[in-house]
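Quick note: residue numbers are just sequence positions, from 1. Side chains included, hydrogens not; waters and symmetry mates left out as well; all remaining heavy atoms used.
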Amino acid sequence: MNAKKFSDALSALDGRYVEEAARYRRKHRQSFWVRWGAAAACLCLLAAGGALLIQGRGRAAPDPQQVQIPNPILTVASAAEMEAYLDFKVPVLEKEVEAYSVFISDGYPTMGQVDYADGSQFRIQYGSGDISGIYGGTLEESREIAGVSVAYYQYDSMSYAIWEANGFACSYLYTNGGDAEVDLLIQQGP
């Protein structure tokens, strides 16, 4: 292209295109510090989230291991063995124990039961609700023991108490003097 053709081409351009090109400025790029600040803020959020996740592990629900047995009731030799299956602490009264049992549901240990020689029975399970296995009882009274609401029931000749504490449902079938024993079980708590 020679100078004459170049000059003709420039004169053919509309003046507003030239003015627009003269006013054009590149978009402002983010500064180095703004980009690094944003990256540091994201890193802090990830660290805080990880710390909260790790801190919350102590209050997590029990996570028992799956077991393969043909019977849904597993009899064990001690409270420690029962706790190993259930993955939570089981309160036990200081009196003669007849049997320790772990109930299996869908292959997972869910409930512990302690049968005492005097005929009383304690059950504990993670969750809520009446786990006594006795249906149709009459509510005799409700009482608060150590900040826990306890409901006392009567069914035929059986007396039992049910309560919920620390995310666990509990029931205690007792023969006589059950109030003091319920208090001890709540104090030991899971």
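Judged by distance alone, the side chain of Glu83 and the main-chain N or O of Val90 form a donor-acceptor pair under 3.5 Å. Side-chain N or O atoms of Asp130 include one that pairs as donor or acceptor with a backbone N or O of Ser132 at under 3.5 Å. One N or O on the side chain of Tyr116 and one on the backbone of Leu93 form a donor-acceptor pair closer than 3.5 Å.
Between Asp118 and Lys95, some side-chain heavy-atom pair lies under the 4.5 Å cut-off. Counting only heavy atoms from C-beta outward, the side chains of Leu185 and Cys170 never approach each other to under 4.5 Å. Residues Val76 and Tyr85 meet the side-chain proximity criterion, which asks for heavy atoms closer than 4.5 Å. Looking only at side-chain heavy atoms (C-beta outward), Val150 and Glu144 stay at 4.5 Å or farther from each other. Side-chain atoms of Ile124 and Met111, non-hydrogen and from C-beta on, never get closer than 4.5 Å to each other. In this structure, the side chains of Val97 and Val92 come closer than 4.5 Å at one or more pairs of heavy atoms. A 4.5 Å side-chain heavy-atom check between Phe122 and Gln113 finds every atom pair outside the cut-off. When side chains are defined from C-beta on, Asp183 does not count as touching Glu181, because their heavy atoms never get closer than 4.5 Å.
Within a 6.0 Å radius of CD in Glu141, other residues, nucleotides and ligands contribute more than 12 heavy atoms.
Between the side chains of Gln121 and Tyr172, no donor-acceptor pair is found at a separation under 3.5 Å. Side-chain contact of Gln154 with Ser159: a donor-acceptor pair under 3.5 Å is present, judged by distance alone.
Not less than 6.0 angstrom separates the ring centroid of Tyr126 from the ring centroid of Phe88.
Taking OG from Ser142 and CH2 from Trp163, the interatomic distance works out to 13.5 Å, rounded to the nearest 0.5 Å. Remark: Ile131 CD1 to Ser171 OG distance equals 4.5 Å, nearest 0.5 Å. Atom OH of Tyr155 sits about 9.0 Å away from atom CD1 of Ile134, to the nearest 0.5 Å. With rounding to the nearest 0.5 angstrom, the CD1 atom of Ile162 is 12.5 Å from the CG atom of Leu173.
Seen from the ring of Tyr160, Arg123 does not count as a face-on cation partner, given the 6.0 Å and 45° thresholds.
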